[in-house]
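Below, all heavy atoms of this structure are taken into account, side chains as well, without hydrogens, waters or symmetry copies. To find a chain, count down the sequence lines: A is the first, B the second, and so on, and within it residues start at 1.
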Amino acid sequence: MKKILNAPQDVVEEMMQGMAEAHKDIVHRVGSTRVLARNYEGAGKVGLISGGGSGHEPTHAGFVGQGMLSAAVFGDVFTSPTPDQVYEAVKAADKGAGVFMVIKNYTGDVLNFEMAKDMAEAEGIDVDFCITKDDIAVEDSLYSDGQRGVAGTIFVHKILGYHAEKGASLKELKALSEKLLPEIKTIGLALAPAIVPEQGKPGFELADDEIEFGIGIHGEPGYQRVKLQPSQAMAKEIYDKLSKALQLQAGDDVVVLVNGMGGTPLMEQYVFVNDVLELLKKDNVSAAKTMVGDYMTSIEMAGLSLTLMKLKDKAWLDALNAPVDTIAW
Amino acid sequence: MKKILNAPQDVVEEMMQGMAEAHKDIVHRVGSTRVLARNYEGAGKVGLISGGGSGHEPTHAGFVGQGMLSAAVFGDVFTSPTPDQVYEAVKAADKGAGVFMVIKNYTGDVLNFEMAKDMAEAEGIDVDFCITKDDIAVEDSLYSDGQRGVAGTIFVHKILGYHAEKGASLKELKALSEKLLPEIKTIGLALAPAIVPEQGKPGFELADDEIEFGIGIHGEPGYQRVKLQPSQAMAKEIYDKLSKALQLQAGDDVVVLVNGMGGTPLMEQYVFVNDVLELLKKDNVSAAKTMVGDYMTSIEMAGLSLTLMKLKDKAWLDALNAPVDTIAW
Amino acid sequence: MDLTTAQAWLKRFFALIEEHKAYLSELDNPIGDGDHGHNMARGAKAAEEALQAQTPTSLEGLFKSVGMSLLSKVGGASGPLYGSVFLAFANEVKGQEVIENPQQLFAAGLDAIVRRGKASVGEKTMVDVWSPFVEKLAEGVSLEDVEAMVLATKPLKATKGRAAYVGARSIGHIDPGSYSSGLFFKAYLKELA
Amino acid sequence: MDLTTAQAWLKRFFALIEEHKAYLSELDNPIGDGDHGHNMARGAKAAEEALQAQTPTSLEGLFKSVGMSLLSKVGGASGPLYGSVFLAFANEVKGQEVIENPQQLFAAGLDAIVRRGKASVGEKTMVDVWSPFVEKLAEGVSLEDVEAMVLATKPLKATKGRAAYVGARSIGHIDPGSYSSGLFFKAYLKELA
Ligand SMILES: Nc1ncnc2c1ncn2[C@@H]1O[C@H](COP(=O)(O)OP(=O)(O)O)[C@@H](O)[C@H]1O
Ligand SMILES: Nc1ncnc2c1ncn2[C@@H]1O[C@H](COP(=O)(O)OP(=O)(O)O)[C@@H](O)[C@H]1O
Ligand SMILES: [Mg+2]
Ligand SMILES: [Mg+2]
Ligand SMILES: [Mg+2]
Ligand SMILES: [Mg+2]
């Protein structure tokens, strides 16, 4: 394992400290907790929090700041944070109007966030939440636990963050999330695995000429291993599936996110987005906004994901385009 | 070679096209040239351009936009752009007050940009330039061609861009660049090499337990190969050299840039910046601003560079902090 | 079972976890993310430290302390599940000097798991060991019985937890949370013997 | 040398470049970035295409066309250097039907290189072949002489160009730009023979 770090078990601690110090104009660490909260107060507004295992940087803390998340909670690498830490994030985010939690759909995350909700409610803090399940790689029907929450989650952070900033209530945020979530779909692909520092070895293996479609952001298995193929073919494979799931039609507007997994150069991401935008054009679907870069990574995994969000409501675009004061949006 | 691309020889073309399409709200491609120019006009102001070989994304095109570069010119991967293409960038950037070029110190870049200057002046466009040489890895005295221009160059883009936007003349920009350049120093390190798509194999080799200090952004050899060591030791090695070169003293203010080389996860970059900020604190040097992320990469090289800029003039900080409308700042 | 015996039971459980740490994570590899042993061991260590720092004076205090340690150190899916078990235990033994009704105790634990995790029998989770254990406890359950319950998770297809993502490929592997639950019951049976 | 012969000269040069493409890039590997052969071949191909698309009717036109092709296709350090050479040639032969003074022609090329690249003799660049070639041209220069000039760059330590970054490690390697310049002169000598 070749990494820039000190002791593997200290990596989350040191990374948090580094983020807090480097960006002290935007965020601060809450005591000695695993929580980074924004400096901006947002008094009287609903607090918006998210979090999960570490290793997905800049998610989640990179999206903390005015107009987006109020606080983010860090779990160990690829491990859900504990309820007491989530509760710390809730307390930090609560400015009198309750706290809304954006949870990615993993059993561990859901359980720990729900327990934190119980703890917060016992202390009189109103809490509601939504669970993102944008990864359609693995078919839903087969698995009663549903699909994974991946890169599309950042759209939820941004759009809910915009409305929280505007003063939306817990109830309004919940209702908005229910409209939003079904319109966001993602599929990833991997060229090479990540290494969890404490494990010291790759989470899976791929031959020199193999790629895997549908891989998760913790290296969870995808739906197909194939030989390395041109970017155009990869784009088509994923785009077709997303387009079908969203029932895209000529004249529709979408938001496009090509998300690097941590080890993929922008060069490849831009070649890929070029192919995606070609496919959209052919289908007469308009890309109202396109984002390219590392937003929800899997440490140093080589690969990327494509997210499409169908713009059922044009106001969502304004929410996405509104300026924010965060580290990484 | 495992990459997301179509034909290796088309990678620059497709990447440019992808950037132009994805960010059409900010930039556009100038005809079929290798130039991306900003949509913002900036009439009557000095145009600011930069460019060089491709493979350093988001540099240079990521910094094109209001308040920063007027246009960027793309060479082939790791190959300086040709004079006619640089000249296209000059023409695109010229809004009547001349064009200032930020050149990184490589023989090829210098020669091609200088020829473009000749071409432009023959057509009556005033052109001046500065040459960045912030990489102090290889000692200057030994090499009459001087040191390489690397990540510190983005500070030059930003600060000159701010003043160009404010209406500074060519002469004023030149004078400012002369004050600025000596205060910016960088050293890089590599854990694993990049692969130029058309070459298909790594540009250098490093053993599984080896790192190299002083590596260049095209994989140029550095000054020392050592066994993998803790982040703290790497930070100290580089920091000490930069601090000495800048003659940092207690009470000084610096701007810190930890720049990922393309294949290094943010997790490692933040662990490293944490160590750097510790060292600064010990020396009583204040980090007035800290940036962490992939700014000037070497395709998918694993590694990073540390840049320190001594804030001789506090106004430089305002220039750095001023908002811009670019893809990647 | 009084406070001293219960303490010995949990000590034995923590020791088993530490002993089987690598194996538990290995079980979690093909169908999960390979961290179950590390997660549980982290929790066990924290629980032992907490018990050392402040010796509990009641069964309720013992279970509460362990529950809080697991909750605040394990994370993942197993943290809140095991944590909830011990908090339910604490609630169950409020004011008791000895555990009066073990079946009721374990039933409360199972109930907490199901309330949190919403899994039913057959979904290849720890419920598949907890449920038969609770059922059999009245008539008497042996170490071999527990062994059999754990092994019985092998042919199941996971539809809950991280293992659900590999779908049919989860068949043929023992569920790691079931294995650690088996260790918990074995420690209990051994302590009583 | 008239237009036809000059055309044949350059054709021969381009063929030599294509033939030695891999070797030239190999020479550029240890002391540069391994692209000199690819850079020059890209330029040669573009120049040939341009000459085919529009046949030059004068020496000036020939050199100008080649110079522009190299300038707009090669990039790197060698593009502007070779490009400038041909533009200087074009300037030199303005109005001439035959090359009247070859030494003056090559001197103008060398001058262009030095004006652009600011290298002097001994810095391990193509100047180290151009300079002795121009000097010896009056008294007569052989293929062997050219060979020797190219080889003489081997023991030099680079202080200009990309090879300067490896400093003393550049000693013991032939300079790639000198090698390609050698091909240029050999093509010239062969065409005259
Ligand atoms: N919904 C659930 N209900 C009951 N037990 C579950 C549920 N989901 C997962 N588990 C148990 O948790 C175990 C995995 O725990 P662990 O590996 O520590 O957490 P994670 O899956 O978050 O990495 C599984 O083997 C299973 O027994
Ligand atoms: N300043 C200079 N003056 C003359 N020739 C130079 C100079 N710098 C480099 N060269 C020549 O250019 C050659 C390298 O060309 P090439 O590999 O195509 O460009 P790059 O170095 O940009 O990759 C060197 O071998 C050397 O002969
Ligand atoms: Mg886990
Ligand atoms: Mg080159
Ligand atoms: Mg697990
Ligand atoms: Mg070269």
**Study point:** chain B contact via Leu280(A) - which portion, at a heavy-atom distance below 4.5 Å
**Key:** neither
Point to revise | Closest non-hydrogen atom pair, Ser231(B) against Asn6(A) | key: N-OD1, 3.2 Å
Practice item. Identify which of Leu277(B), Asp294(B), Leu304(B) forms the greatest number of heavy-atom pairs closer than 4.5 Å to chain A. Key: Leu277(B)
Check your understanding: Ala287(B) and Lys24(A): which non-hydrogen atoms are nearest, and at how many Å?
Key -> O-NZ, 4.4 Å
Point to revise | Heavy-atom proximity to chain A below 4.5 Å, by part of Met19(B) | key: both
Practice item. Let me know if Ile299(A) has heavy atoms under 4.5 Å from chain B in its side chain, its backbone, both or neither. Key: both
Check your understanding: Tyr270(B) and side chain to side chain donor-acceptor pair (under 3.5 Å): which partner among His23(A), Glu57(A), Gln17(A), Glu14(A)?
Key -> His23(A)
Revision key, fill the gap. Counting heavy-atom pairs under 4.5 Å with chain B, the top scorer among Leu266(A), Ile211(A), Ile327(A) is Leu266(A)
Study note, to complete from the structure: Bottom line for Asp275(A): the part with an atom under 4.5 Å from chain B's heavy atoms is side chain
Check your understanding: Would a 4.5 Å heavy-atom cut-off, applied to side chains only, mark Ile4(A) and Val271(B) as touching?
Key -> no
**Study point:** Non-hydrogen side-chain atoms of Val77(B) and Met267(A) separated by less than 4.5 Å
**Key:** yes
Check your understanding: Does any N or O in the side chain of Lys2(B) come within less than 3.5 Å of the main-chain N or O of Glu210(A), such that one atom is a donor and the other an acceptor?
Key -> yes
Practice item. State, with a plain yes or no, whether a side-chain heavy atom of Met1(B) is found less than 4.5 Å away from one of Leu228(A). Key: no
Revision key, fill the gap. In terms of heavy-atom pairs under 4.5 Å with chain A, the winner among Leu5(B), Val273(B), Asp208(B), Val256(B) is Leu5(B)
Review point. Would one find more than 12 heavy atoms of other residues, nucleotides or ligands at under 6.0 Å from atom CG of Asp209(B)?
Key: yes
Exercise for review: Measure Pro58(A) against the heavy atoms of chain B and call it side chain, backbone, both or neither at under 4.5 Å.
Suggested key: both
Study note, to complete from the structure: Output for pair (Leu191(A) CG, Lys3(B) NZ), nearest 0.5 Å, gives 10.0 Å
Review point. Chain B heavy atoms under 4.5 Å from Ala207(A): which part of the residue, side chain, backbone, both or neither?
Key: backbone
Exercise for review: Indicate yes or no: does Glu21(A) engage Lys281(B) in a salt bridge with an N to O separation below 4.0 Å.
Suggested key: yes
Study note, to complete from the structure: Looking only at Val11(A), Val258(A), Thr297(A), Asn274(A), most heavy-atom pairs under 4.5 Å shared with chain B are made by Asn274(A)
Practice item. Considering non-hydrogen atoms only, spot the tightest contact between Val292(A) and Ala22(B) and give its length. Key: CG2-CB, 4.2 Å
Check your understanding: Which heavy atom of Gly263(A) sits nearest a heavy atom of Glu300(B), and at what distance?
Key -> O-CB, 4.2 Å
